K.L.:
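Have a look at the structure that comes next, please.
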Amino acid sequence: MSLKHDIEFTLNGVKRRVSVDVTMNALAMLREVIGLTGTKYGCGEGECGACTIQVDGVSLNSCLMFAVDCDGRNVTTIEGLANDSKADALRESFVEHGAVQCGFCTPGMIMQADHMLHKHAHPDEACVKRGLEGNLCRCTGYKKIVDAVVACGAAEVTP
Amino acid sequence: MNVAEKKARVIEPDSLIGKRIPKMDAPEKASGRTRYIHDINLSGQLYGKILRSARIHALIKSIDVSAARALPGVHVVITAADIPDQRPIGVAKDHFPLKVGRVRSQRDEIAAVAAESEEIAEAALKLIKVEYEDLPVISNPEDAIKPGAALIHPEPHGADGSHLHLKQGMSIAHKGKPDNIAMRFDYVHGDVVQGEAESDVVVEDTFKLHYVTHCCMGVSGMIAEFDASGNVLMYSNTQVPFLHKREFAEYLNIDPARIRIIQPPIGGGFGSKLDIYPFEVICLYLARAAKRPVKMLFTREEEFLASPTRQPVLLTLRSGCKKDGTLTFRQVHTLHDNGAYTSWGATTPFVMMQTFSSLYRVPHCDYHTAAVYTNNPYAGSFRGYGNLQATFAIEQHMDMLAEKIGMDPLEFRLKNAQDAGEVTGQGMSFKSCGFKDCITTAAKRSDYARKARENAANRDKPGNIKRGIGMASMLHVGGGAKIYPSDGCGTILKMDDFANVTLITGASEIGQGSETVLSQLVCEELGLPISAVTVVNNDTAITPWDVGVHASRTTFIAGNSAIGAAKKAKSKILAVAAKKYGTAEDELDLRGGFVIQAASGEVVVELSKLLRNLHFQDKAELVMTTFYYEPPSVHQDKGFKGDVSAAYAWGSQVVEVEVDTDTGIVRMTKVTGAHDVGRVLNRLGIEGQIEGGVVMGQGYALTEDLLIQNGVMKNPNFRDYKLVTAPEIPEMDIAFIESMDGEGPQGAKGVGEAPSICIAAATANAIANATGVRMFELPFTPEKVYRALHGQTPKLYWKPWKAE
Ligand code: FES
Ligand code: FES
């Protein structure tokens with residue numbers, strides 16, 4: 001029915017070659033073609049951040065990116081942070097600070113926060129709040145998420 | 001370690017209660033590994049999609065599905081005509097999952113498809129042709145009760161135009177309704193006429209509450225599968241698995257024993273999964289017809305259109321007091337917009353009337369609600385269950401009455417606040433009550449009195465930013481709510497030979513952290529670390545019966561049930577140990593994974609070793625216990641009187657705002673809360689519940705507004721429906737009042753719904769403090785506030801309506 005296109009890219013450190021529908025977005029490719037379900041669908045319109053991934057080191061909404069545009073790029077999803085010690089500390093901080101309730105927003109929050117901590121190693125509260133503005137959470141009221149990210153950045157100052 | 005050393009070892013007392021215990025499932029969730037319903041796929045699965053009405057109110061003249069059926073990859077297409085045995089669903093049994101002959105709202109389900117892929121299912125929907133004949137749309141509840149108003153559920157006629165075909169006792173879906181009134185609630189204690197006669201001051205105002213919706217981050221979905229013998233397996237995010245099993249069985253006309261519900265982790269609940277919705281039954285129909293598993297997931301737009309809302313309410317309140325500050329009466333009339341069908345939203349007056357009758361001591365109270373049918377979205381249950389609306393009116397009147405008699409609003413509240421030991425006009429009996437502590441603590445921590453004085457004095461000074469501070473308080477059930485004949489929960493607890501516990505509880509987890517709190521309570525009894533517990537809480541084939549997650553009941557009810565099972569396990573273990581070591585049971589205790597001497601803390605034996613000995617012996621035994629907890633509350637009588645909950649939760653919240661008088665923008669700067677939670681069990685968890693609830697309340701007060709015009713939803717997306725984002729949250733200072741409830745698990749009471757209840761009311765009071773202008777209509781958007789500040793808002797008045 002629809003047109004397919006072959007692309008090759010690096011996903012979580014591993015080279016992949018997949019054939020995707022040209023109209024498909026990166027979120028659907030990750031979840032349905034590749035089978036990595038940590039990246040979530042919350043709105044499909046770039047409004048909630050549940051689908052946040054990193055492409056060439058920049059965080060973006062995978063629901064707004066065509067799958068074919070992953071060609072030749074370096075894509076990281078929440079699953080790709082499994083062996084990353086910096087991300088370990090961030091995950092741990094989310095757990096310890098009670099930043100996870102239903103958890104549906106959490107992978108997107110962590111992808112965004114991880115990106116933020118790479119750009120600003122020690123963000124203050126206002127910076128974290130601004131950085132997470134595009135990620136919606138209905139459960140926590142954000143406070144514990146912000147605390148978790150600030151604490152993770154601060155922990156690196158005092159080894 | 002040699003034996004002598006081990007014997008000498010002493011285990012110090014330790015407790016998990018009140019500690020900050022991370023949520024047990026958080027590591028999985030934070031690594032993206034948790035499989036929500038969206039992430040589960042069964043082999044052979046088809047994808048279901050629903051065709052919804054293109055009209056708001058219309059007769060369905062014809063449906064042509066032939067082109068859809070012919071599309072390659074389509075397995076099943078169904079309409080009402082294909083399911084002749086459809087049973088009506090909903091709280092009032094007033095609609096069919098697939099609509100028959102008539103659509104009454106934008107969301108109405110007309111046909112459904114199961115296909116090889118979502119894309120094919122969507123393409124098939126586009127091929128379905130429906131002919132409609134439009135009917136007049138009623139989108140304003142005030143119009144719905146006018147004499148001669150068009151009926152939303154008219155009585156159907158037989159082929160000869162008669163009503164004779166209608167049998168007695170049939171549901172509204174079958175026999176219709178002669179008016180648009182879905183439900184009425186009338187409650188009285190005392191005599192408001194006498195109350196008014198005793199009053200020195202009387203105020204009367206109309207308040208208008210708007211549409212908002214849950215916005216769970218995970219959209220709704222379900223997977224249904226029938227096995228070869230006709231047994232049904234459902235993956236569902238219901239909050240009420242056991243009661244719903246029975247209902248689903250009725251809709252499928254099968255034995256409830258054939259239904260098994262597995263509840264995968266949920267992407268948010270907040271009351272939205274308390275009812276059965278058409279899509280769930282339709283998904284079952286599709287799976288039954290296709291003989292394949294069918295998965296159905298909403299899009300975000302569909303989630304807005306077709307999941308429940310909080311009920312919009314028009315409310316006129318008349319309140320009075322004496323010059324000395326004694327409240328005399330309250331008279332309340334409300335008009336609830338029920339939407340096209342009846343879900344739990346219609347029954348929120350149960351909770352609203354409690355707040356009117358019993359938050360403060362009111363000798364005379366008169367409460368009336370009519371929930372009326374319109375062609376709008378239908379309202380369900382939503383965290384707080386009517387209490388946000390009731391509190392919005394009451395707490396503004398508390399400030400207004402205090403002002404009229406020239407009394408300090410804190411003193412006025414304290415004078416009328418409930419105390420422990422009181423039984424209210426509605427029959428609620430307050431055993432533990434920290435209400436006055438809540439008021440004084442919230443006021444003190446926020447420096448309420450000084451700030452309120454200064455803000456009022458600064459009102460007329462130059463500058464466009466005005467600061468305001470406002471208070472509101474709440475009462476909510478905190479020990480379950482006996483709305484069914486039982487309000488119980490079962491627990492099965494088993495211990496393995498490594499002293500690990502499997503806690504099998506009827507209580508569903510919907511993200512609120514129940515699994516962690518229940519584990520803590522069990523560990524407290526058995527002297528084990530939290531890591532020793534595995535919780536099983538999501539499979540009706542395994543878990544014991546429970547009424548469901550609602551009414552802030554889980555910690556209290558399931559907690560007491562878990563404690564009951566753990567206590568039984570403990571006494572069995574101690575009996576075995578006492579016998580084996582020749583001592584008395586009451587001289588032993590469990591601590592840190594050991595059986596110890598209660599007095600000295602000296603180790604007697606490692607618990608796992610004792611359990612292994614028990615298993616591996618001639619007359620082997622297991623430590624496996626069950627417990628069913630039923631709270632000592634009562635089912636209310638026909639007049640809504642009775643002690644419906646085993647405990648009641650209290651709270652006061654102080655909101656601080658900055659109002660920009662040039663733009664009407666209200667910024668919420670700080671929320672100070674004091675909550676009587678009985679006792680803090682998990683500090684991290686309870687803070688999270690409160691903070692999340694505060695921000696949900698902030699959205700209700702300031703940003704969220706589901707716009708319905710002529711029955712059409714105008715903003716079914718996150719761009720135009722504004723949830724609060726991280727930079728907008730207020731500073732939060734939360735205090736806990738520990739009133740140690742005698743019946744509560746370790747003294748605790750429920751708190752899940754409490755934190756969102758007061759925010760809108762306190763914000764209204766804060767805006768009044770900042771500007772001198774009262775806001776009677778939510779939400780406080782810049783436009784509304786600007787207009788009110790510039791005298792452009794006509795006085796809202798709804799004349800209480802009486803049925804003929
Ligand atoms: S799903 Fe991509 S932003 Fe919401
Ligand atoms: S934890 Fe539920 S949406 Fe954020």
Side-chain angles (χ1 to χ4, degrees), chain A residues 1-2 21 23 28 31-32 35-48 50 77-79 81-82 87 90-111 126 128-146, chain B residues 20 22-23 25-36 38-41 118-120 123 214-219 265-270 297 299-301 510-513 682-685 687-696 698 717-719 723-729 732 755:
Chain A
M1 239 174 19
S2 41
D21 206 303
T23 58
R31 292 182 55 84
E32 288 151 31
L36 290 182
T37 56
T39 310
K40 302 297 179 198
Y41 166 89
C43 70
E45 295 182 329
E47 295 291 334
C48 76
T77 68
I78 184 76
E79 290 88 353
L81 296 190
L90 184 58
R91 261 193 307 271
E92 184 71 0
S93 190
F94 265 63
V95 173
E96 292 300 317
H97 282 85
V100 182
Q101 285 186 31
C102 85
F104 204 82
C105 69
T106 313
M109 288 283 182
I110 288 186
M111 292 309 289
V128 171
K129 282 181 176 170
R130 254 197 331 277
L132 295 178
E133 185 169 11
N135 291 68
L136 298 177
C137 173
R138 192 53 154 168
C139 303
T140 65
Y142 304 103
K143 179 162 187 293
K144 297 211 178 302
I145 296 176
V146 173
Chain B
R20 307 178 76 82
K23 198 163 165 5
D25 60 9
E28 282 295 289
K29 287 175 169 172
S31 57
R33 284 195 242 217
T34 300
R35 283 187 202 97
Y36 297 86
H38 323 85
D39 309 325
I40 296 171
N41 293 304
E118 266 183 291
E119 292 72 35
I120 297 173
H214 304 73
C215 294
C216 301
M217 291 314 297
V219 289
I266 192 173
F270 317 115
L297 287 181
T299 61
R300 176 55 62 185
E301 184 183 18
I510 61 166
Q512 80 278 41
N682 182 349
R683 197 163 291 272
L684 200 60
E687 282 176 4
Q689 281 294 302
I690 305 263
E691 290 162 7
V694 165
V695 173
M696 198 175 258
Q698 181 187 10
N717 58 66
F718 285 140
R719 194 166 39 256
L723 291 180
V724 172
T725 60
E728 298 161 291
I729 63 168
M732 291 182 253

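Quick caveat, the model's predicted, so the values are computed rather than measured. Convention: sequence-line order gives letters A, B, ...; per-chain numbering from 1.
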K.L.:
Kindly compute the distance separating CD1 (B/Ile729) from SG (A/Cys137), expressed to the nearest 0.5 Å.
P.N.:
10.0 Å
K.L.:
Please round to the nearest 0.5 Å and tell me the distance separating atom CD of B/Glu687 and atom OG1 of A/Thr140.
P.N.:
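Rounded to the nearest 0.5 Å, the CD-OG1 separation comes out at 12.5 Å.
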K.L.:
Looking at B/Leu684, B/Val695, B/Leu297, which one has more heavy-atom pairs under 4.5 Å with chain A than the rest?
P.N.:
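Top count of heavy-atom pairs under 4.5 Å with chain A: B/Leu684.
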K.L.:
So, for A/Cys102 and B/Gly267, which heavy atoms are closest and what is the spacing to 0.1 Å?
P.N.:
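Residues A/Cys102 and B/Gly267, closest heavy atoms: SG-C, 3.6 Å.
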K.L.:
With only heavy atoms counted, which part of B/Pro27 is less than 4.5 Å from chain A, the side chain, the backbone, both or neither?
P.N.:
both
K.L.:
Please flag which part of A/Lys143 lies under 4.5 Å from any non-hydrogen atom of chain B: side chain, backbone, both or neither.
P.N.:
both
K.L.:
Name all residues meeting the salt bridge (charged side-chain N to carboxylate O under 4.0 Å, His left out) criterion together with A/Arg31; count only those two or more places apart in sequence or in a different chain, and write none if there are none.
P.N.:
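For A/Arg31, the residues satisfying salt bridge (charged side-chain N to carboxylate O under 4.0 Å, His left out) (neighbours in sequence not counted) are B/Asp39.
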K.L.:
Under a 4.5 Å heavy-atom cutoff, which of B/Val694, B/Asn41, B/Thr299 has the most pairs with chain A?
P.N.:
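Greatest number of close heavy-atom pairs with chain A: B/Thr299.
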K.L.:
Looking only at heavy atoms, which two atoms of A/Val95 and B/Ala30 are closest? And how far apart?
P.N.:
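Heavy atoms of A/Val95 and B/Ala30 come nearest at CG2-CB, 4.4 Å.
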K.L.:
Among residues at least two apart in sequence or on other chains, which ones pass side-chain contact (heavy atoms from CB on, under 4.5 Å) with B/Arg33?
P.N.:
B/Glu28, B/Ser31
K.L.:
Any idea which heavy atoms bring B/Val219 and A/Tyr41 closest together, and the distance?
P.N.:
CG1-CE2, 4.1 Å
K.L.:
Report the distance from atom CE of B/Met217 to atom SG of A/Cys139, rounding to the nearest 0.5 Å.
P.N.:
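Going from CE on B/Met217 over to SG on A/Cys139, the span is 9.0 Å.
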K.L.:
For the pair A/Glu133 (side chain) and B/Ala726 (backbone), establish whether a donor and an acceptor sit closer than 3.5 Å, ignoring hydrogens and angles.
P.N.:
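The answer is no, because no donor-acceptor pair under 3.5 Å joins these two groups.
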K.L.:
Under a 4.5 Å heavy-atom cut-off, does chain B meet the side chain of A/Ile110, its backbone, both or neither?
P.N.:
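Looking at A/Ile110, just its side chain touches chain B.
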K.L.:
From A/Glu45 CD over to B/Glu301 CD, what is the distance, rounded to the nearest 0.5 angstrom?
P.N.:
7.5 Å
K.L.:
Looking at B/Gly218, B/Gly268, B/Cys216, which one has more heavy-atom pairs under 4.5 Å with chain A than the rest?
P.N.:
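Maximum pair count with chain A is reached by B/Gly218.
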K.L.:
In terms of heavy-atom pairs under 4.5 Å with chain B, which of A/Gly103, A/Ala99, A/Gly38 leads?
P.N.:
A/Gly103
K.L.:
Given a strict heavy-atom distance threshold of 4.5 Å, which part of B/Gln689 is in contact with chain A: side chain, backbone, both, or neither?
P.N.:
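Contact with chain A: backbone and side chain both.
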K.L.:
I need the residue from A/His97, A/Met109, A/Glu79, A/Arg130 with the largest number of non-hydrogen atom pairs under 4.5 Å to chain B.
P.N.:
A/His97
K.L.:
Closest heavy-atom contact between A/Phe104 and B/Tyr36?
P.N.:
N-OH, 3.4 Å
K.L.:
Do A/Lys144 and B/Glu691 pass the salt bridge (Lys or Arg N to Asp or Glu O under 4.0 Å) test, and can you show the C-alpha distance, the side-chain angles, and the key distance before you say yes or no?
P.N.:
CA-CA 9 Å; A/Lys144 297 211 178 302; B/Glu691 290 162 7; 3.2 Å; yes
K.L.:
Could you look at A/Thr37 and say if it's the side chain, the backbone, both or neither that has a heavy atom under 4.5 Å from chain B?
P.N.:
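Its backbone and side chain both get close to chain B.
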K.L.:
For the residue pair B/Lys29 and A/Val100, establish whether any side-chain heavy-atom pair is separated by less than 4.5 Å.
P.N.:
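The answer is yes; the side chains approach within 4.5 Å.
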K.L.:
Could you state the interatomic distance from CZ (A/Arg138) to CE (B/Met696), rounded to the nearest 0.5 Å?
P.N.:
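Going from CZ on A/Arg138 over to CE on B/Met696, the span is 4.0 Å.
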K.L.:
Taking all non-hydrogen atoms of both residues into account, name the closest pair between B/Thr725 and A/Leu136 and its distance.
P.N.:
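The answer is CG2-CD2, 3.9 Å.
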K.L.:
Above 12 or not: heavy atoms from other molecules or residues under 6.0 Å from CZ of B/Arg20?
P.N.:
yes
K.L.:
Between atom CZ of B/Arg300 and atom SG of A/Cys48, what is the distance when rounded to the nearest 0.5 Å?
P.N.:
7.0 Å
